[in-house]
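All values below come from the heavy atoms of this structure, side chains included, with hydrogens, waters and symmetry mates left out. If you're wondering where the values come from, they're calculated on a predicted model, not measured in any experiment.
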Amino acid sequence: MDSNDRLAAIGRALSCTVRLAVLQSLAEADASVGELTGRMGVTQPNMSNHLAVLRSAGLVTSHRFGRVVRYRLASPEVAGLVASLTLLANTDSGPHHDPPLSNEPYRQAADISVGSSSRGVGNR
């Protein structure tokens, strides 16, 4: 799986509110399918499917302890992603916030990412 495929898989995994809630719950502590099912209010088969999507995207890992499988976030980077998404979701971006002074950093990032020059993209 190349990086674009992995990014798409992560995007799909993050596109569901149940999976986002699972990630937030696992950011606090590891949990079994049964524990997550109770917290999320979904059926066990449904939770298992959500965990399979998260696992295939590389966002969670599982570990067997006897008869119980416990899930946790796959890495500190995933924990950071969950924390950043949670912060972003809880940030009030209402009209009382001052707009950025300039969008120059955004334009520079866009120029770098598409490789445009001062002559423009279509004038090469």
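To the nearest 0.5 angstrom, S32 atom OG is 12.5 Å from R67 atom CZ. Between the CG atom in L36 and the OG atom in S48 there is a gap of 9.5 Å [rounded to 0.5 Å]. Taking OG1 of T61 as the start and CG of L54 as the end, the distance is 11.0 Å to the nearest 0.5 Å. Within the model, atoms CG of L51 and OG of S56 stand 11.0 Å from one another, a figure rounded to the nearest 0.5 Å.
Among all heavy-atom pairs drawn from R55 and S62, the shortest one is CD-OG, 4.1 Å. Between A57 and A9, the shortest heavy-atom distance links the atoms CB-O, 3.7 Å.
In this structure, the side chain of N46 does not engage the main chain of V42 through any donor-acceptor pair within 3.5 Å. Counting only distance, with no hydrogens or angles, the side chain of R12 and the backbone of L7 share no donor-acceptor pair below 3.5 Å. Looking only at distances, no side-chain donor or acceptor of S25 sits under 3.5 Å from a matching main-chain atom of A21.
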Legend entry - V78/L26 under side chain to side chain contact (heavy atoms under 4.5 Å, CB included): CA gap, chis, key distance, verdict: CA-CA 10 Å; V78 174; L26 292 176; over 6 Å; no

Inset, instruction - Please test T43 against M47 for side chain to side chain contact (heavy atoms under 4.5 Å, CB included), starting from the C-alpha separation and ending with a verdict. - result: CA-CA 6 Å; T43 65; M47 180 55 66; over 6 Å; no

Inset, instruction - Could you give me the CA-CA distance, side-chain angles and deciding distance for R70 and H63, then say whether side chain to side chain donor-acceptor pair (under 3.5 Å) is met? - result: CA-CA 5 Å; R70 299 202 56 88; H63 302 278; over 6 Å; no

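Using a 4.5 Å heavy-atom cutoff, the side chains of L59 and L73 are not in contact. Side-chain contact between V33 and Y71 is present, with at least one heavy-atom pair separated by less than 4.5 Å. In this structure the side chain of V60 never reaches within 4.5 angstrom of the side chain of R72, judged on heavy atoms.
V53 and L81 fall into different hydrophobic clusters, where Ile, Leu, Val, Met, Phe, Trp and Tyr residues are linked whenever their side-chain heavy atoms come under 4.5 Å apart, directly or through other members. Tracing side-chain contacts under 4.5 Å through hydrophobic residues (I, L, V, M, F, W, Y), one reaches V69 starting from M40; they form part of the same cluster.
For the side-chain contact (heavy atoms from CB on, under 4.5 Å) with C16, the qualifying choice from L14, V18, L20 is V18, the only one to do so.
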